[in-house]
Protein chains: 2
Amino acid sequence: MRIMDTAERLIESTRELLWERGYVGTSPKAILERAGAGQGSMYHHFKGKPDLALAAVRRTVAEMRAEVDALLSAPGTARRRIAAYLGRERDALRGCPVGRLTMDPDIVASDELRAPVDELFDWLRHRLAEVVREGRARGELPATADPEQLAAAVAATVQGGYVLARAAGSAEPFDRAVEGILALLAAAGAA
Amino acid sequence: MRIMDTAERLIESTRELLWERGYVGTSPKAILERAGAGQGSMYHHFKGKPDLALAAVRRTVAEMRAEVDALLSAPGTARRRIAAYLGRERDALRGCPVGRLTMDPDIVASDELRAPVDELFDWLRHRLAEVVREGRARGELPATADPEQLAAAVAATVQGGYVLARAAGSAEPFDRAVEGILALLAAAGAA
């Protein structure tokens, strides 16, 4: 096992806490405790909580983008690739580590902290729209629907599926929402 | 103008703060300041922050359920009523006052505080599924898709639309997601 250096431990602890408790709910003290680091080491490596959170969010965004891009760039029909994206979640009750940040008032109020979140969802919608265009060109998806709109609906279904799952305390509404949009894409594609 | 009594002011201030900052981000002190009330009056009327938050969430849930039920019970086709529900939002950047609570770790961790949130979304999905069934019976919506799944996809599109809008700092992705699911419902219904 590689022993992580302190800056690394601080970033990884912050990523976990942001996912579990959000930015407002994460104190510098909680980060230091989880990282097993002292206050001095935090301020040695980072300017403070916003700076550390920015490093943590950027890393989470980069990982997610690489994972989702691999699914959307795989061989297969557009519908199959969209289905792979929709089916990638294994633990809907945890929610999306990036999407949940949009409900955090201090993230949304900060242009700097919101920027990586904005970039991820902007990239996601454009990448999904490209896949939809490929599907339209091959007659798999309806030519009547705007690709940017379908892409937004697919991305929203995933993010809203987390909301429904966490409200219910069960992954079931997430799975149903995903099945619902896939059924609509299939029915519309057959039209 | 009717002057609200203290308990009423405390509930209304808590509703506003829960919407703006969430449960974890709302301190008893912030509630008292906004309500112009003293600590004693809060503990006279409520057992504490969880008790006051429960009263606030229950009221928000009751209002939203009545509003949405009115739209879904209006005359017109199933698609028109679903479109009215999808189009009811006027300020997507504020997010949903109930949905945002699902990203609040202390709400989700408390069976008592999560209960009204769960009830609202459970009711919403069932009510939307009834409308979908009516639409299927009248040939407006595809018989191939499961009503509970379509209902979950519609509800998820709205909740996820807020996430995309708040990430972008613009209502545009919310509007696109709504247009996207409506286009899919129309294309699938024509199949």
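Order of the sequence lines fixes the chain letters, A, B, ..., with proteins taken first and strands second; residue numbering starts at 1 for each chain. Computation of the quantities below employed the complete heavy-atom set of this structure, encompassing side-chain atoms and omitting hydrogens, waters and symmetry-equivalent molecules.
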Undergrad: Counting heavy-atom pairs under 4.5 Å to chain A, which of B/Pro147, B/Gly95, B/Ala155, B/Gly160 comes out on top?
TA: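 Option with the greatest count: B/Gly160.
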
Undergrad: Return the option, out of B/Val98, B/Asp122, B/Leu150, B/Leu124, with the maximum number of heavy-atom pairs under 4.5 Å with chain A.
TA: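 Looking at each of B/Val98, B/Asp122, B/Leu150, B/Leu124 in turn, B/Leu150 comes out on top.
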
Undergrad: If you count heavy-atom pairs under 4.5 Å with chain B, which of A/Ala153, A/Ala151, A/Gly22 comes out on top?
TA: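 Max contact count across the listed options: A/Ala153.
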
Undergrad: Establish, for the pair B/Arg100 and B/Trp19, whether the NZ or CZ atom is under 6.0 angstrom from the six-membered ring centre and no further than 45 degrees off its axis.
TA: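 So B/Arg100 doesn't make the cation-pi contact.
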
Undergrad: Let me know if A/Glu20 has heavy atoms under 4.5 Å from chain B in its side chain, its backbone, both or neither.
TA: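 Interface part for A/Glu20: backbone (N, CA, C, O).
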
Undergrad: Quick check: are there more than 12 heavy atoms from other residues, nucleotides or ligands sitting under 6.0 Å from CD of B/Glu112?
TA: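 Open.
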
Undergrad: Under a 4.5 Å cutoff for heavy-atom pairs, which residue among B/Asp106, B/Leu120, B/Val154, B/Leu182 has the most contacts with chain A?
TA: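 Most heavy-atom pairs within the cutoff with chain A belong to B/Asp106.
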
Undergrad: With a 4.5 angstrom heavy-atom cut-off, could you sort out which part of A/Val163 is near chain B: side chain, backbone, both or neither?
TA: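 A/Val163 touches chain B through backbone and side-chain heavy atoms alike.
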
Undergrad: Using a strict 4.0 Å threshold on nitrogen-to-oxygen distance, state whether B/Arg80 and B/Glu140 make a salt bridge.
TA: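 Salt bridge between B/Arg80 and B/Glu140, a charged N being under 4.0 Å from a carboxylate O: no.
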
Undergrad: Do A/Ser73 and A/Arg127 have side-chain N/O donor and acceptor atoms under 3.5 Å apart?
TA: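 Result is yes, a qualifying pair exists.
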
Undergrad: So which residue, A/Arg21, A/Gln159, A/Gln149, ends up with the most heavy-atom pairs under 4.5 Å with chain B?
TA: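 Most pairs with chain B among the choices: A/Gln149.
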
Undergrad: Quick one: what part of B/Leu185 sits under 4.5 Å from any heavy atom of chain A, side chain, backbone, both or neither?
TA: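 Interface part for B/Leu185: both.
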
Undergrad: Looking at A/Val131 and A/Ala78, what are the two nearest heavy atoms and their distance?
TA: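 So the minimum-distance heavy-atom pair works out to O-CB, 3.4 Å.
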
Undergrad: Considering only NZ, NE, NH1 and NH2 on the basic side and carboxylate oxygens on the acidic side, decide whether B/Lys29 and B/Glu33 come within less than 4.0 Å.
TA: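 Salt bridge between B/Lys29 and B/Glu33, a charged N being under 4.0 Å from a carboxylate O: yes.
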
Undergrad: Measure A/Ile107 against the heavy atoms of chain B and call it side chain, backbone, both or neither at under 4.5 Å.
TA: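 For A/Ile107, no heavy atom lies under 4.5 Å from chain B.
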
Undergrad: Who wins among A/Ala168, A/Gly161, A/Gly25 for the most heavy-atom pairs under 4.5 Å with chain B?
TA: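 Ranked by contacts with chain B, first place is A/Ala168.
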
Undergrad: Heavy-atom distances under 4.5 Å only: say whether B/Val108 touches chain A with side chain, backbone, both or neither.
TA: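 When you check distances to chain A, only side chain atoms of B/Val108 fall under 4.5 Å.
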
Undergrad: If you measure from the Lys or Arg side-chain nitrogens to the Asp or Glu carboxylate oxygens, is any gap between A/Arg34 and A/Glu16 under 4.0 Å?
TA: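 Looking at A/Glu16 together with A/Arg34, the answer is yes, because their closest N to O distance falls below 4.0 Å.
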
Undergrad: Working to the nearest 0.5 Å, report the span between CG of A/Leu52 and NZ of A/Lys49.
TA: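 With rounding to 0.5 Å, CG (A/Leu52) is 10.0 Å from NZ (A/Lys49).
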
Undergrad: Is it the backbone or the side chain of B/Asp175 that comes under 4.5 Å from a heavy atom of chain A, or both, or neither?
TA: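 For B/Asp175, no heavy atom lies under 4.5 Å from chain A.
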
Undergrad: So which part of A/Leu164 gets closer than 4.5 Å to some heavy atom of chain B, the side chain, the backbone, both or neither?
TA: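 Side chain only.
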
Undergrad: What are the two closest heavy atoms between A/Leu101 and A/Val117, and how far apart are they?
TA: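 Here A/Leu101 and A/Val117 meet closest at CD1-CG2, 4.1 Å.
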
